[in-house]
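Reviewing the structure listed below.
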Amino acid sequence: MLPVLFRFTFTALWTQLLLYAVAAGTVAYIAFNGWRGAVGPLDEKTKTRAPATSMDRLLRAAAFGGIGAVLAWYGLKYALPAGAFPGAKGEGIPLHTYGVLLAGGFIAAVSVAGRLAQDEWSKVQLVDGSWVDVEGPKRREQVMDMAFWALVGGIGGSRLLFVLVNWQDYAKDWTQVLSLGGGLVFYGGLIGASVACWFFARANGMDFLRLADVCIPTVSLGQCLGRLGCFSAGCCWGDVAPATASTAVHFPGGGMAQDLFGQLSGTSSLAYSSQVDDVRYVVEATGEILHQAAPGAVRMADWVAQHGHTLGVYPTQLFESVGQLVLFVGLMYARRFRRFHGHILALWLMAYAVLRSTVELFRGDVERGTLHGLLESTGAHGLANVVPLEAWYNISTSQFISLCMFGFGAVLLARHGRGKVGEAAGGLGPTPSAA
């Protein structure tokens, strides 16, 4: 596990000025991209957009720049030391492995989605004696533009679901809702990004289901790398495994975790931070968790504090990472057999629901939200005792969403796939057409 690669600090004046310059340049670049990507109003009849006016470009640049300025403000407040910025926390900029892999997954997903969009909407015409793709590159740019809104919607949705699941903790101090140290939930991000993409598709005259077929496999590609980031951070960890389990892994505390240069990072894994406060008992040989002392059982918090790392747990992050890679490859192959727009989306919804529900059976982080936790938070302690944490029927929030996702995918497949078995896939797949 390598939670932090390196930590940048800004104690010297020149480093502070450099950070201000980088922040200003980033905001300016975001605003410029807004200006450059502006388009005019959509003609509902022709489904084409008029050229952007100066006012269209100015408003879009202002919107992009405003969002960039807010992000820069939070970044400066977090990174700079006290006195260099109002309310500064002086945390510096830790280069987390989780963030690097998450960003790498996002870039990979967007890059592949852009290329798939270009192939999907490819339309070749004879222009000045040469055959030119007049539609594909434009669609590719639209997908690249959509990525920004998907990112904003994804971060907002993932944060919102995390706060809702842990609302009792945030009810004590609502200012922590916007804390940069908070958690994110994949399903919340998926829902938020989907809503943002739906509005984008509608605003740009694109068939949302067709767009989803193009982009949804790349979600698995991004999540494949993202779950490796989870493994590096020690989040989304598995349940305690038997001592003899060959797949068990241990996540370190702050006294053992190192950075890229072998220096102690002082950053504990999230799994360690949770288990060191866990007052339940565990039988190390079998991995059985108990709520009271028993022969052969030790208090989990005592064991973890003594050893400086977690008990052996299942590497659920790696389980899902491998599953997502298989899902990505499988859906890319299935694209050639599409029978209707939304076919790949339906398959992904059903397949990922099964994958996620299966992985959840091995998860051990109760912080992700479960039926037991929901009953406890609402004061139904009697019912919560009937649904203990370790019970198989104590479904998590993600399992509940998975059930809904599977049902939606099945309905989509049954509704649109009926009677289209013999329909040719021409026009649905990435087949260029000459006009």
Side-chain angles (χ1 to χ4, degrees), residues 16-80 85-87 93 103 106-107 109-111 113-115 117-118 120-121 123 127 132-160 177-178 180 189 191-208 210-212 214-215:
Q16 296 172 12
L17 295 176
L18 178 62
L19 183 61
Y20 272 113
V22 170
T26 301
V27 173
Y29 180 73
I30 292 174
F32 171 72
N33 275 280
W35 173 280
R36 183 179 57 180
V39 293
L42 177 68
D43 189 329
E44 294 295 340
K45 294 182 179 180
T46 62
K47 298 298 181 181
T48 59
R49 287 189 170 275
T53 64
S54 297
M55 183 56 68
D56 292 330
R57 295 183 181 278
L58 183 60
L59 291 176
R60 196 167 189 271
F64 273 56
I67 295 174
V70 171
L71 296 176
W73 185 85
Y74 275 105
L76 292 172
K77 180 180 178 180
Y78 182 85
L80 291 173
F85 194 82
I93 299 181
F106 180 77
I107 293 172
V110 171
S111 300
R115 180 55 187 269
Q118 181 171 330
E120 175 74 16
W121 277 280
K123 184 177 181 181
V127 179
V132 179
D133 185 355
V134 297
E135 186 71 14
K138 183 181 72 171
R139 295 298 186 181
R140 179 182 181 276
E141 289 300 320
Q142 286 181 322
V143 168
M144 303 295 282
D145 196 18
M146 182 185 70
F148 173 79
W149 299 107
L151 178 63
V152 173
I155 293 176
S158 61
R159 183 63 174 157
L160 177 61
V177 170
L178 299 178
L180 295 178
I191 295 171
S194 298
V195 172
C197 291
W198 184 84
F199 278 107
F200 183 90
R202 185 175 181 181
N204 288 273
M206 303 173 72
D207 186 329
F208 176 72
R210 188 176 185 181
L211 178 65
V214 170
C215 297

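- Taking the centre of each ring, Phe64 and Phe148 come in below the 6.0 Å mark.
- The CZ atom of Arg60 sits 16.0 Å away from atom CE of Met55, with the distance rounded to the nearest 0.5 Å.
- At least one side-chain heavy atom of Leu19 sits less than 4.5 Å from a side-chain heavy atom of Leu80.
- Put simply, CH2 on Trp121 and CZ on Arg140 are 14.0 Å apart, with the number rounded to the nearest 0.5 Å.
- Annotation: Arg57, atom CZ; neighbour count of heavy atoms from other residues, nucleotides and ligands within 6.0 Å is above 12.
- Between Arg210 and Glu120, at least one side-chain nitrogen of the basic residue sits less than 4.0 Å from a carboxylate oxygen of the acidic one, meeting the salt-bridge criterion.
- Closest approach of Ile30 to Gly65, counting heavy atoms only: CG2-N, 4.5 Å.
- Closest non-hydrogen pair, Val214 versus Ala117, comes out as CG1-N, 3.6 Å.
- Nearest approach of Ala147 to Val110, heavy atoms of both residues: CB-CG2, 3.6 Å.
- The CG atom of Leu76 sits 6.0 Å away from atom OH of Tyr20, with the distance rounded to the nearest 0.5 Å.
- Using a 4.5 Å heavy-atom threshold, the side chains of Ile191 and Leu160 count as separate.
- Proximity of a side-chain donor or acceptor of Asp145 to a complementary backbone N or O of Gln142 within less than 3.5 Å is not detected.
- Between Val27 and Ala72, the closest heavy-atom pair is CG2-CB, 3.8 Å.
- Of all non-hydrogen atoms in Cys215 and Val143, the two that sit nearest each other are SG-CG1, 4.5 Å.
- Interatomic distance, CD1 of Ile155 versus CZ of Arg159, reported as 11.5 Å (0.5 Å rounding).
- Shown here for Ala201 and Leu211, the closest heavy-atom pair between the two residues is CB-CD2, 3.9 Å.
- For the atom pair OG1 of Thr53 and CG of Leu58, the computed distance is 9.5 Å after rounding to the nearest 0.5 Å.
- Looking at Met206 and Met146, their side chains never come closer than 4.5 Å, going by heavy atoms from C-beta outward.
- The CZ atom of Phe199 sits 12.0 Å away from atom OG of Ser194, with the distance rounded to the nearest 0.5 Å.
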